[in-house]
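Since the structure comes first, as structure tokens, the remarks are kept for the end.
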Amino acid sequence: MPFQINVHAQDRILEVVYPPQVTSADLSEYLTEVKKAIVGFAGEWSALVDQSQLRVMPTDVVASMAALNAYAQLHGMQRSARVVTDAPSGLQAWRMTKRAMLTIPTRTFETRQEALEWLRNPDAD
């Protein structure tokens, strides 16, 4: 599976690294695996989504990710940080967040380290 899923159990952070391109088969497998990880938290957790390699997210993928984000929020996601490398990617991440109708704090960052720091220190806002 080209998506990388890492669970940081101590920090209760689910980290996902997107591949440069997403196929339907990759997406199907990813959705199954990431939902298992979400359920495994059994409570509150945060998401770190690294989209820095992904250039364009196909429309069907945006819809699937929006639905996944809504699912995640209903299953304990408290904060969501996205790593993007350029303005179009940031806009795409924002659109997906709006489509999912997330009510939790969400932010985009240019580096993984900045995103992790924000997730680990929610009172620093």
Side-chain angles (χ1 to χ4, degrees):
M1 173 174 60
F3 285 91
Q4 296 174 22
I5 300 171
N6 302 305
V7 175
H8 302 266
Q10 183 176 354
D11 293 322
R12 299 190 60 76
I13 295 173
L14 176 61
E15 180 178 7
V16 175
V17 179
Y18 279 51
Q21 295 181 332
V22 179
T23 67
S24 295
D26 297 337
L27 181 60
S28 178
E29 184 179 356
Y30 165 69
L31 293 173
T32 299
E33 293 304 312
V34 82
K35 283 181 179 181
K36 287 179 191 175
I38 289 169
V39 171
F41 278 115
E44 295 181 354
W45 56 279
S46 296
L48 170 57
V49 181
D50 185 340
Q51 296 174 313
S52 60
Q53 296 179 68
L54 182 66
R55 291 296 152 237
V56 177
M57 193 180 301
T59 305
D60 62 324
V61 175
V62 173
S64 293
M65 293 305 173
L68 177 62
N69 273 269
Y71 173 90
Q73 183 172 280
L74 289 172
H75 290 86
M77 183 171 67
Q78 297 298 300
R79 293 166 74 86
S80 179
R82 299 191 194 320
V83 179
V84 298
T85 56
D86 55 29
S89 297
L91 181 59
Q92 190 169 37
W94 177 82
R95 284 183 182 149
M96 190 279 309
T97 299
K98 293 296 279 184
R99 188 171 183 169
M101 296 186 283
L102 296 181
T103 58
I104 60 169
T106 60
R107 285 187 55 190
T108 56
F109 297 88
E110 293 181 1
T111 70
R112 178 182 181 271
Q113 193 55 44
E114 290 173 319
L116 276 172
E117 186 67 26
W118 181 72
L119 292 173
R120 288 179 177 150
N121 298 299
D123 297 329
D125 282 341

Is there side-chain contact between [X] and [Y], with heavy atoms separated by less than 4.5 Å?
| X | Y | value |
| --- | --- | --- |
| V7 | W45 | no |
| L48 | N6 | no |
| V16 | Y30 | yes |

What heavy-atom pair brings [X] and [Y] nearest, and what distance separates the two atoms?
| X | Y | result |
| --- | --- | --- |
| L14 | A37 | CD1-CB, 3.8 Å |
| S52 | T85 | CB-CG2, 3.4 Å |
| T103 | Q73 | N-OE1, 2.9 Å |
| N69 | L102 | O-CD2, 3.5 Å |
| S80 | W118 | O-CZ3, 3.5 Å |

Measuring from atom [atom1] of [X] to atom [atom2] of [Y], what distance do you get when rounded to the nearest 0.5 angstrom?
| X | Y | atom1 | atom2 | result |
| --- | --- | --- | --- | --- |
| I5 | E33 | CD1 | CD | 6.0 Å |
| D26 | Q21 | CG | CD | 9.5 Å |
| D50 | R112 | CG | CZ | 8.0 Å |
| L119 | D11 | CG | CG | 9.0 Å |
| M65 | Q51 | CE | CD | 8.0 Å |
| Q78 | R12 | CD | CZ | 10.0 Å |

For atom CD of E114, decide whether the heavy atoms of other residues, nucleotides or ligands shown that lie under 6.0 angstrom number more than 12.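 Result for CD/E114: enclosed.
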Path from L74 to M77 over hydrophobic side-chain contacts below 4.5 Å: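 Different clusters: L74 never reaches M77 through Ile, Leu, Val, Met, Phe, Trp or Tyr contacts under 4.5 Å.
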Between V17, V22, T23, which is the residue that forms a side-chain contact (heavy atoms from CB on, under 4.5 Å) with P19?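 Answer after filtering V17, V22, T23: V22.
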Give me the ring orientation class for Y18 and F3: parallel if the planes are under 30° apart, tilted from 30 to 60°, perpendicular past 60°.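 Rings of Y18 and F3: perpendicular, as their planes differ by over 60°.
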side-chain contact (heavy atoms from CB on, under 4.5 Å) between R79 and I104, worked out: CA-CA 6 Å; R79 293 166 74 86; I104 60 169; 5.5 Å; no
Under 3.5 Å, side chain of S64 to main-chain N/O of D60, donor-acceptor pair present?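 Confirmed, S64 side chain pairs with D60 backbone.
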Pair I13, R120 - check side-chain contact (heavy atoms from CB on, under 4.5 Å), show working. CA-CA 9 Å; I13 295 173; R120 288 179 177 150; 4.1 Å; yes
